[in-house]
Amino acid sequence: MNWIDLRSDTVTLPTDEMRFAMANAEVGDDVYEDDPTVIRLERLAASILGKESALFVPSGTFGNQLSILTHTLRGDEVIIPASNHIIVHEAGASAVIAGVQMRTLDCEDGMPSVERIYSAIRGEDLHYPRTGLICLENAHSSGRVLPIQYMENVYKLAKSNHVPLHLDGARIFNAAISLKVKPSEIASYADSVMFCLSKGLGAPIGSMLVGTEEFVRRARKGRKIMGGALRQVGIIAAAGIVALEKMIDRLHEDHENARYLSSLMEDIPGVKVMEDRLDINMVFFRLEDHAKNPGLIVDRMLSKGIKINPPEGYEWRFVTNLNVSRQDIERAVDEFGKALKSECQIPHG
Ligand SMILES: *Cc1c(COP(=O)(O)O)cnc(C)c1O
């Protein structure tokens, strides 16, 4: 079946060119730092982000948690917006792996004011944990992009207080397109950056962690500790190279498609799109009359060949990606409108 999948951009399938590159990749043992394809990918990633060095990691969660492990000491405090992926969607890993305390700042958009971050940085006191790290996320999971000026201001604050800054840049290329800057400009306001090869860029597996040579050398050891040192991983890295060389330039299409999707959704009575959160390839919306049984809508869509996630809280999210065409969008919106109508007719209680 030819599915239309709007659940995420993680669902993208590797392109034929990726599969060909994987089948033909020159490989070696990457634990010996002997895999030429991994070395190429790591150099390419570092150069695109304007950093000294890069490390291939199995997933985005792995890269974020490895970065926290590398920057901090056990018992340190990490300052981070409460709505970030590291807090909400990484299963509490920072407590398990790095053994750090998370100082979460409540805010929906991932942009606590510089003053709030400043007040969260601890001074010297026997009772206080050490402030070990500040984390930001760009693009943010809420669908918004953090402005360059904000990143610069937080980075300056971090530097003047000798606290490192890690950027969860799972979708840094989407952020760069939205901000009309190079990804390296965003990365210049962070000491380390994680980004995903396996989301909008379409690679099947993998993320990159970039930073200084010294940071990456230490992270390499942490990756071994976490069980993420892989052997002939050039097989996977080969797809990552195609992702970086061929797939960045088409991401703007996903953004345009998301706006097209949002405009069609707005025409369905009872749908309220969050218009202030349309910076990347995500459309968030609510229903004026909350669906009493969202599962029925999800199931009905599935029966029409369309995969969507149930809402988180009352919030629904559709994500465009390289496997979703304009025609797919038109069909999905049409079916969603019908599913809403039929849900309303089901007697409840
Ligand atoms: C997807 C994502 C991650 C983690 O990536 P996985 O490969 O799924 O572990 C981290 N941060 C953000 C913002 C993400 O969207």
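One-based numbering, in listed order, for ligands and for the atoms of each. Everything quoted here is computed from the prediction, not taken from an experiment.
Ion pairing of E124 with R130 is absent here, as no side-chain N (NZ or NE/NH1/NH2) approaches a carboxylate O to less than 4.0 Å. Look at E42 and R220 and you find a salt bridge, because one of the NZ, NE, NH1 or NH2 atoms lies within 4.0 Å of a carboxylate O, short of that distance.
In summary, the side chains of Y260 and E330 do present a donor paired with an acceptor at a separation below 3.5 Å, with no hydrogens or angles considered. In this model, no donor atom of one side chain and acceptor atom of the other lie less than 3.5 Å apart for D191 and H166. A donor-acceptor contact under 3.5 angstrom links the side chains of N84 and H140, judged on distance only. Donor-acceptor pairing under 3.5 Å is lacking for the side chains of Y189 and N153. No hydrogens or angles considered: a donor-acceptor pair under 3.5 Å links the side chains of E137 and S141. Side-chain atoms of S325 and D328 form a donor-acceptor pair, as typed in the model, at a separation below 3.5 Å.
Contact annotation for atom 8 (O) of ligand 1: protein absent (non-hydrogen atoms, distance under 4.0 Å).
By the 6.0 Å and 45° rule, R277 stacks over the aromatic ring of F284.
Minimum heavy-atom separation, M247 to T15: CE-CG2, 3.8 Å.
If you look at D168 next to ligand 1, the close heavy atoms, those under 4.0 Å, all belong to the side chain. At a 4.0 Å heavy-atom cut-off, ligand 1 touches S59 through backbone and side chain alike. Only the side chain of N64 comes within 4.0 Å of ligand 1, judged by heavy-atom distances. The side chain of E137, and not its backbone, has at least one atom closer than 4.0 Å to an atom of ligand 1 (non-hydrogen atoms only; side chain from C-beta on). Neither the backbone nor the side chain of H89 comes within 4.0 Å of ligand 1, counting heavy atoms alone.
No N or O atom of A139 sits closer than 3.5 Å to an N or O atom of ligand 1. At under 3.5 Å, not a single nitrogen or oxygen of T10, backbone or side chain, sits near a nitrogen or oxygen of ligand 1. Residue S141 places no N or O, backbone or side chain, under 3.5 Å from any N or O of ligand 1. Polar contact check, K199 against ligand 1: a nitrogen or oxygen pair lies under 3.5 Å apart. Of the polar atoms of S198, none of the N or O atoms is found under 3.5 Å from an N or O of ligand 1, judged by distance alone.
Taking 4.0 Å as the cut-off, H140 does not count as a neighbour of ligand 1 on heavy-atom distance.
Here is the list of ligand 1 atoms found below 4.0 Å of a heavy atom in M194: 10 (C). Atoms of ligand 1 found under 4.0 Å from any heavy atom of A170 (numbered from 1 in listed order, with element): 2 (C), 11 (N), 12 (C), 13 (C), 14 (C), 15 (O). Interface of T61 with ligand 1, defined as ligand atoms under 4.0 Å from a residue heavy atom, comprises 4 (C), 5 (O), 6 (P), 9 (O). Close approach of ligand 1 to R171 (heavy-atom distance below 4.0 Å) involves ligand atoms 15 (O). The atoms of ligand 1 that sit less than 4.0 Å from any heavy atom of E90 are 10 (C). Below 4.0 Å from some heavy atom of G60 lie the following atoms of ligand 1, by number and element: 4 (C), 5 (O), 6 (P), 7 (O), 9 (O).
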Apply the test side-chain contact (heavy atoms from CB on, under 4.5 Å) to residues L133 and I79: give CA-CA distance (whole Å), side-chain angles for both, the deciding distance (0.1 Å), then the verdict. CA-CA 6 Å; L133 184 65; I79 300 172; over 6 Å; no
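Shown here is R40, whose CZ atom has no more than 12 heavy atoms of other residues, nucleotides or ligands within 6.0 Å.
The single protein non-hydrogen atom nearest to atom 10 (C) of ligand 1 is H85 ND1, 3.2 Å, given as residue, atom name and distance.
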